[in-house]
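Right, one structure below, let's go through it.
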Amino acid sequence: MQAKTPEQTKTIMTDLVLPSETNPLNNLFGGELLARMDRCASIAARRHSRRIVVTASVNHVAFNRSVPLGSVVTVEAKVSRAFKTSMEVFLDVWIEDRESGQRTKANEAIYTFVAVDETGRPVEIPEITPETDLEKERFAAALRRKQLSLVLAGKMKPKEATELKALFE
């Protein structure tokens, strides 16, 4: 399998916030944004693996800014790291000012997907080769996040989490 770059997985979805998607404060429901991010991330994961992908976890979501009714929302997703059968997808959410067109980062999230065959069994996927400084930073952090998740789930002993330990040494 030939390695891919995060740029080859890049997926951008742009949409408008409609009244039926807002809460009583006229801001986009968090669940609606999560669904948009899940769809965008799944496309990025599929572009990387060229397989059916399933959401394994939502590792992090930061709702830093509300997304008002009528906003143009852009969700950008890239695979940040690939493991044997799973991959981490990093998402950035942008809102566009109606008058100036200036984009502001509103939210971010990290999802994990697993590539599967037609029977639902996990299948191996290509590696990812980061190119930009940001891609390299996210690539390195993905291993620490995976180790932390494994330690918390009791699937890895803390002393085996070498990347995590290195943060504190």
Exercise. Between the side chains of Asn27 and Thr22, is a donor N or O closer than 3.5 angstrom to an acceptor N or O?
Worked result: no
Problem set entry | Check: Ser42 side chain, Arg39 main-chain N or O, donor-acceptor pair, under 3.5 Å | yes
Problem set entry | Donor-acceptor side-chain pairing of Thr85 and Glu124 below 3.5 angstrom | no
For this session: Determine yes or no for a side-chain-to-main-chain donor-acceptor pair under 3.5 angstrom, with Asn23 supplying the side chain and Phe29 the backbone.
Result: no
Exercise. Any luck finding a side-chain donor-acceptor pair between Thr129 and Thr5 under 3.5 Å?
Worked result: no
Exercise. In terms of side-chain heavy atoms, does Thr104 have a donor or acceptor partner in Arg65 at a distance below 3.5 Å?
Worked result: no
Exercise. Any sub-3.5 Å donor-acceptor pair from Thr9's side-chain atoms to Val79's backbone N or O?
Worked result: yes
For this session: May I ask you to say whether Arg36 pairs ionically with Glu21, meaning some side-chain N is under 4.0 Å from a carboxylate O?
Result: yes
For this session: Keeping the roles fixed (side chain from His48, backbone from Pro126), state whether a donor-acceptor pair exists under 3.5 Å.
Result: yes
Exercise. Salt bridge check: are Lys10 and Glu135 linked by an N-O gap of less than 4.0 Å?
Worked result: no
Exercise. For the side chain of Arg81 and the backbone of Phe139, is there at least one donor-acceptor N/O pair under 3.5 Å apart?
Worked result: yes
Problem set entry | Sub-4.5 Å side-chain heavy-atom contact between Ile110 and Val89 | no
Exercise. Hey, is Asp92 close enough to Lys105 for a salt bridge, meaning N to O under 4.0 Å?
Worked result: yes
Exercise. Are the side chain of Ser100 and the backbone N or O of Gln102 linked by a donor-acceptor pair below 3.5 Å?
Worked result: yes
For this session: Run the salt-bridge test on Glu7 and Lys78 with the 4.0 Å N-O cut-off and return the result as yes or no.
Result: yes
For this session: Keeping the roles fixed (side chain from Ser80, backbone from Glu88), state whether a donor-acceptor pair exists under 3.5 Å.
Result: yes
